[in-house]
Number of protein chains: 2
Amino acid sequence: MKKTKDENTEGQILDAAKSIFQTKGMDGARMQEIADKAGINKAMLHYYYRSKQLLFEAVFKNAFSLLAPQLNAILNDDSSIEDKIKNFTSNYISFIIKHPYLPNFIIQELNRNQDFILKLKDNKGFPNLEKFKKQVNDEVSKGHIKPISAEQLFINILALNIFPFVAKPLVMAFTNTDDKSYKQLMEDRKTEVSNFIINSIKKH
Amino acid sequence: MKKTKDENTEGQILDAAKSIFQTKGMDGARMQEIADKAGINKAMLHYYYRSKQLLFEAVFKNAFSLLAPQLNAILNDDSSIEDKIKNFTSNYISFIIKHPYLPNFIIQELNRNQDFILKLKDNKGFPNLEKFKKQVNDEVSKGHIKPISAEQLFINILALNIFPFVAKPLVMAFTNTDDKSYKQLMEDRKTEVSNFIINSIKKH
DNA sequence: ATATAGTTTAACCATTTGGTTAACAAATGT
DNA sequence: ACATTTGTTAACCAAATGGTTAAACTATAT
């Protein structure tokens, strides 16, 4: 029987690398620290992944492949705009509570290395706005929702959902909340945010 | 006559350090690169700022002291909620277009070093939500706007304004825009975002 | 049993990096 | 004019860091 990911060395390395890279970033991460966390010799990292860069890319692609399907849900699903917003908001916030470092990690590293995203864009499954655009334009011209471009609406949805996690320390300081009450604020947002968006675009 | 900031060495160092730290972060920045950018010997960095950590802190505090007044504008001004949102959105986006790396830098470094914000919180002039809370609660109970907590409204305002700059490479990839059309998208948001927020909270 | 291929380790290496030193140059005060 | 403080440089240093090597150990196949 094939060993499960967390008993074989390669998987242990990836898990440790995830944890270190996602909290410290490419530049802040140390190969020795990853090896220590995985409980193995540093040479093993190079045996399985050749270099820090390649290990990092493995972690990054893995992280991105978790995020992309969440976004495709809102872009390519067949439900109504209103349902999409409701579902996405609720699902997405649950998702991030499970992977708190993920959006920050992706954003930080994409800012550091602009070329990186070009590689990702070629992948099938990379989020594409076309269908969503058509849907938004349709609903606007039918008069179901107020005029708004699909791009701006999409940016707003992402912003309202992702930002509070990315800027957590900053927002916690401003709102004077501790970890526990911040978590509650985020729970509240599962419905708060979708209401906020829908209020804004629906006609009265 | 005292030399202006950009002719004296100390100021040149700070300028160079700003540019390097804000694009590469604490971990990615190299003292030699800062010295080269400032056009001086590396030993000068230590002569004026003692250590990388202290030089970094000088840059960080400087950056934060630019951001804080922008936020206080929305929190402590005497205008109506609607005016605040309009002005803040328009001003803030202009502000960031002038300092594109600033919000990302602050968020990234605060995530890296959680203790850091505690030092800032003690400073007078650190954004405080109390007055804004009172105003929002007032307008809600008077029935001028729909029920919403001041914290959630504040988070939403920050999110809609800051996020598109922080996550620029990601959003550019999703929306398939180049630098020029992204800049246009951001210009449009100066009014787009405030309409979006006001639509959402106003009563009909 | 024995050869073979895959896995793991300790020791090592070259380079990078933040920081220091000692000597030198330029102001500044007396 | 000269002494003292301030500013600047090149050379240097120790520690950290990504990566390599050669030997040892383990599993697998014949």
Side-chain angles (χ1 to χ4, degrees), chain A residues 1-63 105 108-109 112-113 115-116, chain B residues 1-63 105 108-109 112-113 115-116:
Chain A
M1 193 187 112
K2 211 177 172 183
K3 283 178 190 164
T4 68
K5 194 178 161 194
D6 53 303
E7 357 175 7
N8 76 8
T9 306
E10 196 172 341
Q12 277 173 275
I13 293 175
L14 198 64
D15 284 346
K18 250 185 234 176
S19 143
I20 302 291
F21 275 130
Q22 293 195 7
T23 48
K24 310 209 166 180
M26 170 68 171
D27 293 330
R30 295 291 159 249
M31 293 297 267
Q32 187 60 58
E33 199 181 357
I34 294 173
D36 290 347
K37 183 138 208 166
I40 47 111
N41 187 288
K42 181 163 68 85
M44 288 280 87
L45 303 183
H46 294 96
Y47 180 75
Y48 283 105
Y49 292 91
R50 291 242 324 267
S51 68
K52 186 185 185 186
Q53 179 63 26
L54 287 174
L55 177 55
F56 171 79
E57 287 180 21
V59 169
F60 188 88
K61 278 176 196 156
N62 191 295
F105 172 63
Q108 184 178 323
E109 297 303 327
R112 206 180 46 85
N113 185 352
D115 308 323
F116 219 63
Chain B
M1 192 187 113
K2 213 179 171 181
K3 284 179 189 164
T4 69
K5 192 179 159 192
D6 52 306
E7 341 173 21
N8 75 9
T9 306
E10 195 172 342
Q12 277 173 273
I13 293 175
L14 198 64
D15 284 346
K18 250 186 231 176
S19 144
I20 302 291
F21 276 131
Q22 292 194 10
T23 50
K24 310 208 165 180
M26 170 69 169
D27 293 330
R30 295 290 159 251
M31 294 297 268
Q32 187 60 58
E33 199 181 356
I34 294 173
D36 290 347
K37 182 137 208 164
I40 47 114
N41 188 288
K42 181 164 68 84
M44 289 280 86
L45 303 183
H46 293 95
Y47 181 75
Y48 284 105
Y49 293 92
R50 291 239 330 264
S51 68
K52 186 183 184 185
Q53 179 63 26
L54 288 174
L55 177 54
F56 172 79
E57 286 179 21
V59 169
F60 188 88
K61 277 176 198 156
N62 191 296
F105 171 64
Q108 186 179 322
E109 297 303 328
R112 206 180 47 83
N113 186 351
D115 308 324
F116 219 62

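Just so you know, these numbers use all the heavy atoms, side chains as well, and skip hydrogens, waters and symmetry mates. Numbered from 1 within each chain, the chains take letters A, B, ... in sequence-line order.
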Trainee: For a 4.5 angstrom cut-off between non-hydrogen side-chain atoms, does B:V59 reach B:F105?
Mentor: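 Yes, at least one pair of side-chain atoms sits under 4.5 Å.
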
Trainee: Does the cation-pi check pass for A:R112 over A:F56, that is, NZ or CZ under 6.0 Å from the six-membered ring centre and within 45° of its axis?
Mentor: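 Yes; both conditions hold, so A:R112 lies above the ring face of A:F56.
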
Trainee: Take atom CD of A:Q32 and atom P of C:dC12, then tell me their distance rounded to the nearest Å.
Mentor: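 For the pair A:Q32 CD and C:dC12 P, the rounded distance is 16 Å.
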
Trainee: Report the distance from atom NZ of B:K42 to atom P of D:dC12, rounded to the nearest whole Å.
Mentor: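 From B:K42 NZ to D:dC12 P: 14 Å.
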
Trainee: Is any side-chain heavy atom of B:Y47 less than 4.5 Å from a side-chain heavy atom of B:N41?
Mentor: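 No - every pair of side-chain heavy atoms lies 4.5 Å or more apart.
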
Trainee: Is B:M44 touching bases, backbone alone, or none of the nucleic acid, heavy atoms closer than 4.0 Å?
Mentor: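 Contact class for B:M44: base.
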
Trainee: Select one nucleotide: of D:dG18, C:dT8, D:dT8, the one nearest the side-chain heavy atoms of A:M31.
Mentor: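 Looking only at side-chain atoms, A:M31 lies closest to D:dG18.
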
Trainee: With a 4.5 Å limit on heavy-atom distance, are the side chains of A:D36 and A:Q32 in contact?
Mentor: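 Yes; the side chains approach each other to less than 4.5 Å.
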
Trainee: Quick check: on DNA chain C, is the nucleotide nearest B:D27 upstream (toward 5') of the one nearest A:Y47, or the reverse? Name the residue that is more 5'.
Mentor: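 Its nearest nucleotide lies further toward 5', so the answer is A:Y47.
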
Trainee: Check every atom of C:dT9, D:dG7, C:dG6 against the side chain of B:Y48 and return the nucleotide holding the closest atom.
Mentor: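 Nearest listed nucleotide: D:dG7.
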
Trainee: Where the side chain of B:N41 is defined as all heavy atoms beyond and including C-beta, which of D:dG19, D:dT9, C:dA10 is the nearest nucleotide?
Mentor: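 Shortest atom-to-atom distance from the side chain points to D:dT9.
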
Trainee: If you check every side-chain atom of B:K52, which of C:dG19, D:dG19, D:dA10 has the closest atom?
Mentor: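 Comparing C:dG19, D:dG19, D:dA10 against the side chain of B:K52, the answer is C:dG19.
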
Trainee: Is B:A35 touching bases, backbone alone, or none of the nucleic acid, heavy atoms closer than 4.0 Å?
Mentor: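 Counting heavy atoms under 4.0 Å across all strands, no contact is made by B:A35.
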
